[in-house]
There are 4 protein chains.
Amino acid sequence: MPQRRTDADPRAEPASLGIVAHPTGPRSQRVHEAVLLATQELLTEGGLPAATVDAIAARSGVSKATIYKHWPSRTAVAAKAFGRMMAEELPLPDTGSAVDDLTEQVVRVSAFYAGERGQVFAQLVAACVDDSAGAAYFRAYFLAGRRTAITGLWQRAVASGAADPAVPVDDAIDILFGPLIFRRLTGHYPLTEEHARTLALSALRGLLVRPAASPVARGTSGA
Amino acid sequence: MPQRRTDADPRAEPASLGIVAHPTGPRSQRVHEAVLLATQELLTEGGLPAATVDAIAARSGVSKATIYKHWPSRTAVAAKAFGRMMAEELPLPDTGSAVDDLTEQVVRVSAFYAGERGQVFAQLVAACVDDSAGAAYFRAYFLAGRRTAITGLWQRAVASGAADPAVPVDDAIDILFGPLIFRRLTGHYPLTEEHARTLALSALRGLLVRPAASPVARGTSGA
Amino acid sequence: MPQRRTDADPRAEPASLGIVAHPTGPRSQRVHEAVLLATQELLTEGGLPAATVDAIAARSGVSKATIYKHWPSRTAVAAKAFGRMMAEELPLPDTGSAVDDLTEQVVRVSAFYAGERGQVFAQLVAACVDDSAGAAYFRAYFLAGRRTAITGLWQRAVASGAADPAVPVDDAIDILFGPLIFRRLTGHYPLTEEHARTLALSALRGLLVRPAASPVARGTSGA
Amino acid sequence: MPQRRTDADPRAEPASLGIVAHPTGPRSQRVHEAVLLATQELLTEGGLPAATVDAIAARSGVSKATIYKHWPSRTAVAAKAFGRMMAEELPLPDTGSAVDDLTEQVVRVSAFYAGERGQVFAQLVAACVDDSAGAAYFRAYFLAGRRTAITGLWQRAVASGAADPAVPVDDAIDILFGPLIFRRLTGHYPLTEEHARTLALSALRGLLVRPAASPVARGTSGA
DNA sequence: GTATAATCGAGACGGTACGTCAAGTCTTATG
DNA sequence: CATAAGACTTGACGTACCGTCTCGATTATAC
């Protein structure tokens with residue numbers, strides 16, 4: 001059962017997918033494709049709750065047993081399908097100013113969370129809590145891509161001299177987007193553009209009193 | 001049906017609890033108490049998954065039907081029980097320096113998330129995603145208390161001149177703790193003290209390049 | 001609790017109803033009336049399943065506890081209410097020929113069973129199986145009246161010389177109507193007028209070969 | 001889903017049971033058997049009320065969901081189980097005289113109704129009233145067998161010249177046994193051998209005055 | 001070509017929890 | 001003291017989804 005093993009470790013799979021790992025060749029691929037497509041449709045139509053393994057099996061024509069040979073859990077399937085769906089969405093902003101790009105991205109992600117897709121995102125995050133195998137998929141097929149993209153943004157900002165190179169990129173990312181996720185999950189605070197913009201400003205400038213003028217002003221004048 | 005109605009709106013209940021609202025008198029209170037106690041035990045022993053309505057009913061001696069008359073969902077019961085459990089835990093630090101207090105609190109919360117209770121916390125947050133009624137309880141009986149406490153810390157920091165009064169407290173809180181929750185839920189980053197401390201520093205200082213020395217030093221001297 | 005005791009034995013109550021047994025006087029009567037009325041409405045609207053004790057209490061304005069002081073069970077209430085409803089319905093036929101009257105009555109009862117009220121009747125009979133207290137009420141407040149009426153018919157038939165005085169009236173009644181009830185309950189045979197008429201004929205003539213002409217002809221001529 | 005569908009129509013199943021219809025093979029049969037066995041035991045121990053779906057599931061080791069895939073309702077399971085239990089009981093009498101056989105059968109059935117099994121029978125009949133799917137099972141797996149047997153008796157009686165060939169067999173059966181069922185269900189008349197014998201006599205001879213001697217005597221002499 | 005072995009579709013199954021419902025009992029407060 | 005109001009226990013209901021398992025058909029390569 002090469003497929004199972006390979007895919008069970010989501011970190012290993014991307015490299016091997018479709019290259020060597022599938023002795024039976026085309027069959028597994030067909031299954032893979034059909035399942036992810038069906039799952040994407042179901043996620044779109046009714047969110048995670050609709051993406052029942054039974055429903056996926058029915059719509060994809062792939063049997064439940066086969067699905068469980070390819071993925072460790074329902075969450076894993078959904079995570080991968082979701083990762084695919086989102087691959088093209090949310091293109092990175094490029095305003096010329098790296099700092100503005102970061103702010104803009106926070107605003108966009110906030111809007112994304114507030115929308116229908118955001119609901120699915122939240123459901124997936126929730127599902128990860130009690131499904132570590134699924135969580136691995138979510139990280140590998142969704143989060144990783146997002147973080148890579150944001151890392152690019154961040155590095156541009158560092159290169160431009162605006163962002164602080166001393167700040168680890170993981171901290172930067174989580175400080176900018178963690179609050180949004182928190183808000184999305186518990187609903188304790190609205191996800192409007194207004195709030196997102198304010199939040200980004202606070203995160204970028206920091207929470208402490210600064211000696212000089214506003215960072216944007218300073219950033220502009222100082223650059 | 002005073003108890004039922006009252007409790008259906010989690011925001012309204014705290015004030016009226018046990019004061020006037022219960023015409024049937026002690027009965028409702030007994031039920032309330034028994035259910036929450038049983039739930040606390042179950043949460044401690046096996047987390048949210050163990051706090052089945054059936055299990056709660058069995059252990060508390062309160063019937064399922066009655067439980068569903070008092071709370072809108074399993075999550076709601078668990079949220080309230082958890083709020084109680086946590087009421088005394090996590091006392092606020094008081095080092096003398098407001099900024100150090102904020103940092104310390106981030107470290108403590110990180111440790112909390114990393115522990116067993118943190119698992120329950122994560123499960124509750126996850127459960128809120130598809131249970132808005134439960135989410136209301138979680139906000140009212142757990143989050144609200146936490147946020148109030150942190151707000152105190154923040155205000156001290158503002159008063160001391162270290163924290164930026166222009167930053168909305170909700171932003172401050174979410175910037176400091178949102179990243180931790182994000183990390184806890186998806187597991188994409190470890191929750192060690194080391195990382196927590198670094199994170200707090202980044203959040204406090206901001207992500208952008210600063211003209212002068214360390215924020216703490218500057219904060220102190222600048223005040 | 002005189003009302004309870006009195007009413008618990010349905011055979012004793014009819015005589016005493018409203019004469020001596022109710023020390024509280026008007027109050028009990030009001031309760032009695034309201035409950036039976038509400039129950040009648042509910043039975044009409046949705047059959048026995050609709051006549052929930054909660055529903056009866058709600059509609060009548062009489063509390064559940066009070067209802068249970070007056071009647072031993074839900075079935076008992078429904079049985080009595082049903083008995084009342086049916087008191088005036090199904091007047092006895094009077095064609096001049098006692099035998100024809102019996103036949104006609106079988107046909108009418110068959111039609112009754114086939115209708116909506118027949119459904120309620122069947123539900124009550126069913127409810128009696130595991131509720132002997134309710135069964136007593138059903139016998140006292142519904143069956144007794146019916147049997148008395150049919151007994152009259154039978155006695156006319158005997159007097160006219162058509163019916164066999166050697167046949168116990170209870171046998172006669174059950175032979176004529178028992179089959180209809182059986183058919184109504186299990187649905188193994190349709191309840192059409194056609195079938196009812198044939199049945200009545202078979203029951204009246206007997207199942208064995210007869211030496212002479214039709215029983216009716218003989219009955220008439222022989223009288 | 002052969003088993004499920006097949007069994008959903010109780011009339012169709014008996015022929016196909018265990019012959020061709022089960023692609024999954026032994027599994028369905030095992031379930032079937034285990035459920036019916038457990039149900040039989042429960043019915044014996046505590047009647048229909050004891051044959052809870054939960055109890056059946058627990059005792060048979062078959063899950064509730066599976067039970068509900070095989071049968072439309074609890075009543076249906078019980079009906080089939082009861083049909084099996086009764087298959088061998090109540091052997092037909094054979095006294096030489098067909099008419100005596102009919103009488104004897106009425107007496108036996110009366111005794112059966114009066115006993116423990118009769119209680120279960122009554123409960124099943126009652127359950128049929130509000131469960132038409134269950135009623136179909138009851139007819140198919142219990143009543144049908146009984147009626148077939150009695151039909152044999154009846155045909156012997158007709159062949160012997162004693163029974164009236166003009167009487168439809170369904171009428172004959174219901175006239176002979178309907179009264180017993182009626183009495184059993186409402187309890188308005190005792191089910192003693194004495195009464196059963198009298199009843200049979202009345203049913204056989206008919207309710208009307210006869211010109212000649214007793215039907216038995218006449219039947220014998222007339223044949 | 002044919003054997004061999006895996007892959008797969010179909011779906012039965014056990015398990016576990018869900019949220020609901022009604023019966024009947026009991027308590028408190030009212031008149 | 002009879003009531004109204006309704007909280008409460010009990011016990012069963014029927015459903016949903018998960019993940020495992022079995023069976024038999026299909027198919028791809030190795031012989």
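Just so it is clear: chains get the letters A, B, ... in the order the sequence lines come, proteins before strands, and each one is counted from 1.
- Across the protein-nucleic acid pair, C:Asp54 atom CG and E:dA23 atom P stand 7 Å apart, rounded to whole Å.
- Here the P atom of nucleotide E:dC18 and the CG atom of B:Asp130 are 15 Å apart, to the nearest Å.
- Following rounding to the nearest Å, A:Arg74 (CZ) and F:dC17 (P) show an atom-to-atom distance of 9 Å.
- One can place OH of D:Tyr68 at 21 Å from C1' of E:dG11, the figure rounded to the nearest angstrom.
- Atom CD1 in A:Ile56 sits roughly 14 Å away from atom P in E:dG9 (whole-Å rounding).
- Across B:Ser63 and B:Ala57, no two heavy atoms sit closer than the pair C-CB, 4.2 Å.
- Residue D:Gln29 contributes atom CD, which lies 15 Å from atom P of E:dA12 at whole-angstrom precision.
- Between D:Arg30 and the phosphate of E:dG14, there is a side-chain N or O to OP1/OP2 separation shorter than 4.0 Å.
- A cation-pi arrangement is absent between D:Lys80 and D:Tyr137 under the rule of less than 6.0 angstrom and at most 45 degrees off the ring axis.
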### Message
Could you go through A:Leu48 and A:Arg74, starting from their C-alpha distance and side-chain angles, then the distance that decides it, and tell me whether this counts as side chain to side chain contact (heavy atoms under 4.5 Å, CB included)?
### Response
CA-CA 9 Å; A:Leu48 230 210; A:Arg74 178 179 92 109; 4.0 Å; yes
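- At the phosphate of F:dT3, OP1 or OP2 sits under 4.0 Å from a side-chain N or O atom of C:His70.
- Among the atoms of the strands shown, base atoms are found under 4.0 Å from some heavy atom of C:Ala65.
- B:Lys69 has its NZ atom 13 Å from the C1' atom of E:dG19, to the nearest Å.
- Considering only side-chain N and O atoms, D:Ser28 lies under 4.0 angstrom from the phosphate OP1 or OP2 of E:dC13.
- C:Ala38 and C:Ser60 make their closest contact through CB-CB, 3.7 Å (heavy atoms, listed as atom of the first residue, atom of the second, distance).
- Nearer the 5' end of DNA chain F, as judged by each residue's closest nucleotide, is the contact made by B:Val62, out of B:Val62 and D:Ser73.
- Pairing each heavy atom of C:Ala51 with each of C:Leu43, the nearest pair is CB-CD2, 4.0 Å.
- Across the protein-nucleic acid pair, B:Ile67 atom CD1 and F:dT10 atom P stand 12 Å apart, rounded to whole Å.
- Each of C:Val53 and A:Gly61 lies near DNA chain E, and the nucleotide nearest A:Gly61 is the one positioned closer to the 5' end.
- Across all strands shown, B:Ser63 has heavy atoms under 4.0 Å from base atoms, whether or not it also approaches the sugar-phosphate.
- In this structure, A:Asp131 and C:Lys64 both approach DNA chain F, and ranking their closest nucleotides by distance from the 5' end singles out C:Lys64.
- If you check every strand for non-hydrogen atoms under 4.0 Å, B:Thr66 touches a base.
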